[in-house]
Amino acid sequence: MVVRRWTPGDGVGQVTALLHRAYAKQVGMGLRPLAGRQDEQVTLRRLSSGECYIAVCVPGAGTLSAEAGEQIVGVIILAEKEPDEGPPFFMRAGVLAFSQFAVDPWLQGAGVGGKLLGTVEARAVELGSTELALSMAEPDHGLRDYYLRRGYRVVGVWKWPYTNYNSLVLSKRLVGGEGGC
Ligand SMILES: CC(C)(COP(=O)(O)OP(=O)(O)OC[C@H]1O[C@@H](n2cnc3c(N)ncnc32)[C@H](O)[C@@H]1OP(=O)(O)O)[C@@H](O)C(=O)NCCC(=O)NCCS
C-alpha cells in the first residue's frame with residue numbers, strides 16, 4: 001500500500017464508490033454526510049479543489065492479484081475549497097483543514113487512515129500551518145474518540161447546509177503548541 005497524490009487519471013468512480021462504502025456506517029445511523037451520497041461530478045470537483053492524497057494497493061504487493069489492477073483504498077483532501085461557508089475556525093491564520101477522509105471498510109483498522117492523516121499533517125507543517133482542523137458528524141462518538149486519541153481537540157460546532165446533523169470542529173496543534181487534547 002502506498003500513499004500518493006491523486007491525479008485526474010485516477011478513477012473518480014472508484015473514489016466515489018469507496019466514499020459511499022466508508023460512510024455507509026454513518027448513513028446507517030440516520031445521518032446524511034455528503035460523502036455518503038455524492039455523485040462522481042461532486043467527487044471530481046472536491047478532489048480537484050484541494051491537495052488530494054490516495055492510498056493505493058499495488059498489484060503484486062501481496063494484497064491483490066495483478067489482474068485486479070491498482071485499487072484505491074483510502075482518500076483524504078487537504079485544504080479543499082468548499083462552495084459553502086465553513087466554520088470560522090477554518091479561516092484563522094495558520095489553520096488548514098482536511099476533509100473527505102475515508103478508508104475502504106475491508107481495510108479499516110489496519111493503519112491506512114493513520115498513514116493518510118500523517119501525510120496531511122506533515123504536509124500542513126511543510127506549508128507553514130500551525131493547526132490542522134476538520135469537521136465531523138457530532139453523533140459519531142467513536143469517530144470523535146479516534147481523533148481525540150490522535151491529539152485533536154474540539155474547538156467548535158458547525159452546521160453544514162447539506163447535512164442533517166451538527167458537526168464538531170476539531171483541530172490539532174502542529175508546532176509550538178502544548179499538544180494533546
Ligand atoms: C476514520 C477512518 C478514515 C480511519 O481509517 P482506518 O484505516 O480505520 O484508521 P487506522 O487503522 O489508522 O485506525 C483505526 C482505529 O480503529 C481501530 N479499529 C480496530 N478494528 C477496527 C475496524 N474493524 N474498523 C475500524 N477501526 C478499527 C484501530 O485499532 C484504530 O484504533 P486506535 O485509534 O486505537 O489506533 C475510517 O474508519 C473511515 O473511513 N471511517 C468512515 C468515514 C469517516 O467517518 N471518515 C472521517 C470523517 S471526518
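Contact check for Tyr152 versus Leu168: no side-chain heavy atoms found under the 4.5 Å cut-off. With contacts defined as side-chain heavy-atom distances shorter than 4.5 Å, the pair Leu47/Ile77 qualifies. Two residues are said to be in side-chain contact when any heavy atoms from C-beta on lie closer than 4.5 Å; Asp104 and Gln71 meet this criterion. Inter-residue side-chain proximity for Trp106 and Val73 is flagged as met; some heavy-atom pair is nearer than 4.5 Å.
Ser129 is linked by a side-chain hydrogen bond (donor to acceptor under 3.5 Å, both in side chains) to nothing, counting only residues two or more places apart in sequence or in another chain. Arg123 meets the salt bridge (Lys or Arg N to Asp or Glu O under 4.0 Å) test with Glu51, Glu126; sequence neighbours excluded. Qualifying ring-ring contact (aromatic ring centres under 6.0 Å, His included) partners for Tyr165, counting only residues two or more places apart in sequence or in other chains: none.
Classified by interplanar angle (parallel below 30°, tilted 30° to 60°, perpendicular above 60°), the ring pair Trp160/Trp158 is perpendicular.
Judged as a salt bridge (Lys or Arg N to Asp or Glu O under 4.0 Å), the pairs with a partner in residues 33-47 (not counting sequence neighbours) are, in order, Arg46-Glu80.
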* **Glu138 vs Lys159, salt bridge (Lys or Arg N to Asp or Glu O under 4.0 Å): CA-CA, chis, key distance, verdict** => CA-CA 10 Å; Glu138 189 279 330; Lys159 173 74 179 69; over 6 Å; no

* Test log, rule side-chain hydrogen bond (donor to acceptor under 3.5 Å, both in side chains), inputs Thr43 and Thr16 -> CA-CA 6 Å; Thr43 302; Thr16 306; 2.8 Å; yes

* Asked: Please walk me through it: do Leu19 and Val15 pass side chain to side chain contact (heavy atoms under 4.5 Å, CB included)?
  -> CA-CA 6 Å; Leu19 288 165; Val15 177; 4.0 Å; yes

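Heavy-atom minimum distance, Ala124 versus Leu78: N-CD2, 4.3 Å. Between Leu107 and Cys57, the shortest heavy-atom distance links the atoms CD2-SG, 4.3 Å. Taking each heavy atom of Ala79 and Leu96 in turn, the nearest pair found is CB-CD2, 3.9 Å. When every heavy atom of Ala55 is checked against every heavy atom of Val112, the shortest pair comes out as CB-CG1, 3.6 Å. The nearest pair of heavy atoms linking Leu18 to Val103 is CD1-C, 3.8 Å. Across all their heavy atoms, Pro139 and Asn166 have their closest contact at CD-O, 4.0 Å.
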Distance-only donor-acceptor hits, side chain of residues 1-12, under 3.5 Å, sequence neighbours excluded:
{"residue": "Arg4", "atom": "NH1", "partner": "Asp10", "partner atom": "OD1", "Å": "3.4"}
{"residue": "Arg4", "atom": "NH1", "partner": "Asp10", "partner atom": "OD2", "Å": "2.9"}
{"residue": "Arg4", "atom": "NH2", "partner": "Asp10", "partner atom": "OD1", "Å": "2.9"}
{"residue": "Arg4", "atom": "NH2", "partner": "Glu70", "partner atom": "OE1", "Å": "2.9"}
{"residue": "Thr7", "atom": "OG1", "partner": "Gly9", "partner atom": "N", "Å": "3.4"}
{"residue": "Thr7", "atom": "OG1", "partner": "Asp10", "partner atom": "OD2", "Å": "3.2"}
{"residue": "Asp10", "atom": "OD2", "partner": "Thr7", "partner atom": "N", "Å": "2.8"}

For residues 22-36, dump all side-chain donor-acceptor pairs below 3.5 Å to protein atoms at least two apart in sequence or in another chain.
{"residue": "Tyr23", "atom": "OH", "partner": "Phe101", "partner atom": "O", "Å": "3.0"}
{"residue": "Gln26", "atom": "NE2", "partner": "Asp140", "partner atom": "OD2", "Å": "3.0"}

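The distance from the OG atom of Ser135 to the CD atom of Glu82 is 7.0 Å, given to the nearest 0.5 Å.
There is no path of hydrophobic side-chain contacts, each under 4.5 Å, that joins Val95 to Leu170.
Stacking of Arg150 on the aromatic ring of Tyr146 is recorded, both the 6.0 Å distance cut-off and the 45° axial limit being met.
The backbone N or O of Leu132 sits nowhere less than 3.5 Å from a side-chain atom of Lys172 that would complete a donor-acceptor pair.
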